[in-house]
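This report refers to the structure that appears directly beneath it.
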Amino acid sequence: MDSIIAADIYRLYSVTDPQLSPDGKRAAFVKTIAYEAANTYVSHIHILDLADRQSSQWTFGSSRNQTPRWSPDGRKMAFVSDRTGKNQLYIMASAGGEPECLTDFPDGAGSIVWSPCSTKILTSARVQFHDAETESNFSKYEDFRIKSDASGYFDGKNQQLFIVDTDTKECTQITNGQYDSCPSSWSPDGEWIAFQASGIQTQEIHPGSDICLIHTGNFNISRLTPEGGSFTEAAWSPDSRYLAITGHTGEYKGATLPKIWLFDSHQKELTCLTPYWDEFAGDTAIGDFHIGSSETGVKWTDDSCGFYFISSGRGSTSIYYGNIEGAIYPSRVEAEHIYGFSINGSTHVAVIAVSSPDSPGELYHLNLTNGNLVQLTFVNAAFLKDKKMNTAESFSWTSGGQELHGWLMKPSDWEEGRKYPLILEIHGGPHAMYANTYYHEFQTLASRGFAVLYTNPRGSQGYGQDFADAVRGDYGGHDYEDLMSAVDHVLGVYDFIDPERIGVTGGSYGGFMTNWIIGRTDRFKAAVSQRCISNWISFYGVSDIGYYFTEWELKGNLIHDPDLLWEHSPLKYVSKVETPLLLLHGENDYRCPVQQAEEFYTALKRQQKEVCLITYPGENHEITRSGKPHARIHHIEQIRDWFLKHV
């Protein structure tokens, strides 16, 4: 059988965003694949009949059609499409037919939230803030926000909310704040709109995100969540009394675990329902394959007494049931990555999107009351039947009194008695989580004869609040020891690994840690640093999050603690680096700007060390997840070839 290669991105489908119809008989979903000739992605909406498990394609052409949303009465479906060049809202009858375009926003339309009467849609679009000063030949900044990795340098436009009439196509703008607004939920009684407001405190060092309410009668806005927190999702109960909110108040800054909160609109009270829930409420798993998002927020049951939600723990994402009294019960807890789900609130039946290390992802029918699971889609079955997919073995070990967790993927050509090289992979974040999910880069490396080791060191989510917080102020300390102990552990347990042939790579925080490691030890024969950090002093001022992220994570700032920032900078130790290093970076990366790689590259080149820098025009920090297909494939191939050459 053939092994997976980087270019198989052109042949593997990404299945995302399952959406059950109001009657529970059908499910819409998005099927995406990379289109080689145009160096882009093509996404189409498909409808799955749950009775006969047959699906039909509803959109066609070479555009991206996504975010399918049924109207509450089940008669229509809205979706977003870029068929005219920009994402706009489209609508079509739920029986099928020709889509009709509803909007013509210059910068495109965003999310879709239906009104309860099925005649209006709440969406968002970037527009100029009414009081902003605009000129064509310069940009003026007076707050902390200058740029973002998602949209580049700030242009005076903010994401504002609009209500679109599906009959007349009239668009009514209902916010005009100097902050970004994202639709969340429309109350079933029609009176209230809940939305996420990001950067509402424009002069605060951390922009934060809040959940706010708009009254649909007078469009007055009120904020529900406490200042200084990060609240991202909200969902109204069917009786319009409760609003379930996901987020946190920032006690541990970026390492804080999100909780489930409940706003009682009758009592006007906001309460944390899960104060002692020591898992991440939501999906924090890291992957590099799925294109497009899927809903993972709170889903209410029809009695308005309970809800389902996804939680991340110990390398998996699971479904739990909670009620308005604060009780939490497991509904599905398996070694897998549930990356999207939709439920029927009356029958407790769900359609879920599930991935694992050897499965890119498919849709399943899940009965949440008895656990019965049935696979619904087989979009990659024909291609994968002739491919050797590598599984990953989960294991635990102890380092410095701390229990740790990771995986080892054997090489595709593994044979008893042979020795194989090992690649240590380090995730970004650092407050994220490697998981029981598909990782195309890992499969590609394993297919070329490498064993792949990936772990969740201190700082990772999924192992409790104390574990996630343990890296703050200790970058390059216990997290470094955790990673080195992982290598020691697998060398002691798996006799097929050659201790003289080990490489290391990682992205973002993982790029920082790769740079840090090779300045500490020469046990690795080669290293690949992806979208890295090398100098916390310069990072503080040039990253879109540098000024607050550095203070959160290193517990110091440029003004008062420059020595601390330099002490944690890999660039300080660059004279000790002997490991051949490849640096990969997107030129439009504003999260970890390309200058970080350039500084490290120049310092190594000045010493005549073996180093190579490859940059990708037009690509930002998301190059390995949603970058152009050619760039993603080339990126993986460069990692593979560097290790083939040196390890």
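Note: R11 CZ to I5 CD1 = 5.5 Å, rounded to the nearest 0.5 Å. The distance from the OH atom of Y10 to the CG atom of N39 is 5.5 Å, given to the nearest 0.5 Å. Between the CZ atom of F442 and the CG atom of N390 there is a distance of 12.0 Å, given to the nearest 0.5 Å.
When the options V354, T16, T377, V379 are evaluated for a side-chain contact (heavy atoms from CB on, under 4.5 Å) with L363, the one that passes is T377.
Residues P357 and Y454 meet the side-chain proximity criterion, which asks for heavy atoms closer than 4.5 Å. Here the side chains of L384 and D358 are not in contact, with every heavy-atom distance at 4.5 Å or above.
Ring geometry for Y90 against F79 counts as parallel: the plane angle stays under 30°, on a 0 to 90° scale with 60° as the upper cut. Using cut-offs of 30° and 60° on the angle between ring planes, the pair Y434 and Y439 is perpendicular. Relative orientation of the W300 and Y242 rings is parallel, given thresholds of 30° and 60° on the angle between their planes.
Ring centers of F162 and F105: under 6.0 Å apart, within the cut-off.
Minimum heavy-atom separation, T166 to K76: OG1-NZ, 3.9 Å.
For R241 and D264, the salt-bridge test passes: some basic side-chain N is under 4.0 Å from an acidic carboxylate O.
Scanning for ring pair (Phe, Tyr, Trp, His ring centres under 6.0 Å) contacts around Y438 gives F289, H440, with sequence neighbours left out.
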Quiz: residues 291-298 side-chain donor-acceptor pairs under 3.5 angstrom, not counting sequence neighbours:
from, atom 1, to, atom 2, distance (Å)
S294, OG, D17, N, 2.8
E295, OE1, Q19, NE2, 3.2

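Sorted by first and then second residue, the pairs that involve residues 117-126 and meet salt bridge (charged side-chain N to carboxylate O under 4.0 Å, His left out), not counting sequence neighbours, are D107-R126, R126-D155.
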